[in-house]
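Note that these values count all heavy atoms, side chains included, but never hydrogens, waters or copies made by symmetry. Counting begins at 1 with the first residue of the sequence.
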Amino acid sequence: VSYILSPSGICIILVHLLIKFKLHFLPESVAVVSLGILMGGFIKIIEFQELANWKEEEMFRPNMFFLLLLPPIIFESGYSLHKGNFFQNIGSITLFAVIGTAISAFIVGGGIYFLGQADVIYKMTMTDR
């Protein structure tokens, strides 16, 4: 019974209910993220009322996300991708990937550089990594 009350068990039940009640307009990822937001809000309310302290027990570590949660999300996205739609829009995808990444890198890098020059953050040169 305890595995059903785990976050992954609750997510599986949520996805099953989405399929059972034919709520196809709501993506499973949106439902699961919304459930996480609700659970986080519930935990914050309990901590605010000083009924429990779950900071250490429920600590979400970045390594857990990057090593355990992100790969299945990326795999599922690639698995459910329709090849026809992908290759039909390859020009737009490439444009956004290459040009968008370059614009983002210049904006973020330039912002960090100029904030460093203004002594708002740690000073960096253009060649720092």
Among the clusters formed by ILVMFWY side chains lying less than 4.5 Å apart, do [X] and [Y] turn up in the same one?
| X | Y | value |
| --- | --- | --- |
| I90 | L81 | yes |
| F65 | I74 | yes |
| V120 | Y122 | yes |
| F75 | L70 | no |
| I37 | L26 | no |

[atom1]/[X] to [atom2]/[Y] distance, rounded to the nearest 0.5 angstrom?
| X | Y | atom1 | atom2 | value |
| --- | --- | --- | --- | --- |
| E28 | L23 | CD | CG | 11.0 Å |
| L115 | I112 | CG | CD1 | 8.0 Å |
| F114 | I121 | CZ | CD1 | 12.0 Å |
| L14 | L18 | CG | CG | 5.0 Å |
| H24 | I19 | NE2 | CD1 | 8.0 Å |

Inset, instruction - Give the minimum heavy-atom separation between M124 and Q117, together with the two atoms involved. - result: O-NE2, 3.7 Å

Legend entry - Test item: S77 side-chain N/O and I73 main-chain N/O as donor-acceptor pair under 3.5 Å: yes

Legend entry - Flag side-chain contact, heavy atom, 4.5 Å: N85 against Q88: yes

